[in-house]
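Okay, so here's the structure we're looking at.
Values below: all heavy atoms of this structure, side chains included; hydrogens, waters and symmetry mates excluded. Note that the structure is a prediction, hence the values are computed from the model and not measured.
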Amino acid sequence: AAVPEADLDDLMASTGPDRPPPFLLGLDGVTDPNNVGTLLRTALGAGATGALLPRHRAAHLTPSVTKAAAGAIEHLPVAVVAGLPGAILRLREHGVWVVGLDAGAPDSLFDLAVADGPVCLLVGAEGTGLARLTRQRCDLLVSIPQAGPLDSLNVAAAGALACFEVARRRHPPAAAAGDRWEASPRV
């Protein structure tokens, strides 16, 4: 059966006592089904509340994506949007910080101060990264500091680092044992 699509407005809904601030992951032109599935699974594991997929020029929720996601698409709401640049404008209107990963950005992911509020992380296509208009509409662009001769990581690896950096900032070390973020029992 087809996976039901979530509504972008529902994913951006204001927070309440039973709902954390939106933590979304947007995939800009990611075409490899294994990368899409891995990113969705990682986002769910990091506590994301939803994901955005563009309707065109990207992999969709196919059987290959479903297999790579290993069950994540049944728990992570996914909104399919006409295009990310338009969705970014709507996100910003609702107070969601839009943060793009860009290997050339001067600011570090590890200095991201807005991670504990409403945030949408954007990862770009394999090879080319974020599209020009997507990049221009982001509130912030951040990079992952790296050593060595390569200037970027695989999109799934970069997305994993970014998602768990947001998770780390949302769940700082607890003062009391009862306030700990639950660690996964499986590796």
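- A donor-acceptor pair is defined here as one N or O able to donate and one able to accept, closer than 3.5 Å; such a pair exists between the side chain of Ser108 and the backbone of Phe110.
- Nearest heavy-atom pair, Thr38 versus Ala156, reported as atom, atom and distance to 0.1 Å: CG2-CB, 3.9 Å.
- For residues 76-86, no residue pair satisfies the side-chain hydrogen bond (donor to acceptor under 3.5 Å, both in side chains) rule, not counting sequence neighbours.
- A donor-acceptor distance shorter than 3.5 angstrom exists from the side chain of Arg170 to the backbone of Pro21, with no hydrogens or angles considered.
- When all heavy atoms of Ala79 and Leu8 are compared, the closest pair comes out as CB-N, 4.0 Å.
- Judged purely by atom type and a 3.5 angstrom limit, Glu126 uses its side chain to pair as donor or acceptor with the backbone of Thr31.
- A distance of 9.0 Å separates CE of Met12 from CG of Leu52, quoted to the nearest 0.5 Å.
- If you take CG on Asp10 and CD on Glu5, they are separated by 12.5 Å, rounding to the nearest 0.5 Å.
- Judged by distance alone, the side chain of Asp28 and the main-chain N or O of Val123 form no donor-acceptor pair under 3.5 Å.
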Does the pair Leu153 and Gln146 meet the rule for a side chain to side chain contact (heavy atoms under 4.5 Å, CB included), with working shown? CA-CA 9 Å; Leu153 298 172; Gln146 300 181 92; 3.1 Å; yes
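- Atom SG of Cys138 is separated from atom CZ of Arg92 by 8.5 Å, given to the nearest 0.5 angstrom.
- At distances below 3.5 Å, not a single donor-acceptor pair connects side-chain atoms of Arg55 with backbone N or O atoms of Val81.
- Scanning all heavy atoms of the two residues, the minimum distance from Glu165 to Leu109 falls at CG-O, 3.8 Å.
- Remark: Arg90 engages Asp9 in a salt bridge, criterion side-chain N to carboxylate O under 4.0 Å.
- Note: Ser143 OG to Asp102 CG = 8.0 Å, rounded to the nearest 0.5 Å.
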Phe23 and Cys163: side chain to side chain contact (heavy atoms under 4.5 Å, CB included), yes or no, with the steps? CA-CA 9 Å; Phe23 168 16; Cys163 285; 4.2 Å; yes
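- The two residues Pro77 and Ala6 come nearest to each other via the heavy atoms CB-CB, 3.7 Å.
- Considering Leu122, Asp107, Val114, Asp139 in turn, Val114 is the only one that fulfils the side chain to side chain contact (heavy atoms under 4.5 Å, CB included) rule with Val99.
- Residues meeting the side-chain contact (heavy atoms from CB on, under 4.5 Å) test with Arg57, sequence neighbours left out: none.
- Annotation: side chain of Pro22 is not in contact with side chain of Val119 (no heavy-atom distance under 4.5 Å).
- Between the CG atom in Leu84 and the CG atom in Leu27 there is a gap of 8.0 Å [rounded to 0.5 Å].
- Residues Leu11 and Val80 do not share a hydrophobic cluster, clusters being chains of Ile/Leu/Val/Met/Phe/Trp/Tyr side chains in contact below 4.5 Å.
- For the side chain to side chain contact (heavy atoms under 4.5 Å, CB included) with Val155, the qualifying choice from Leu39, Val36, Leu101 is Leu39, the only one to do so.
- Interatomic distance, CZ of Phe164 versus OG1 of Thr42, reported as 6.5 Å (0.5 Å rounding).
- You'll find the side chain of Thr49 reaches within 4.5 Å of the side chain of Leu24, heavy atoms only.
- Thr134 places no side-chain N or O within donor-acceptor distance of the main-chain N or O of Leu130, the cut-off being under 3.5 Å.
- The two atoms that bring Leu141 and Arg135 nearest to each other are CD1-CG, 3.4 Å, heavy atoms only.
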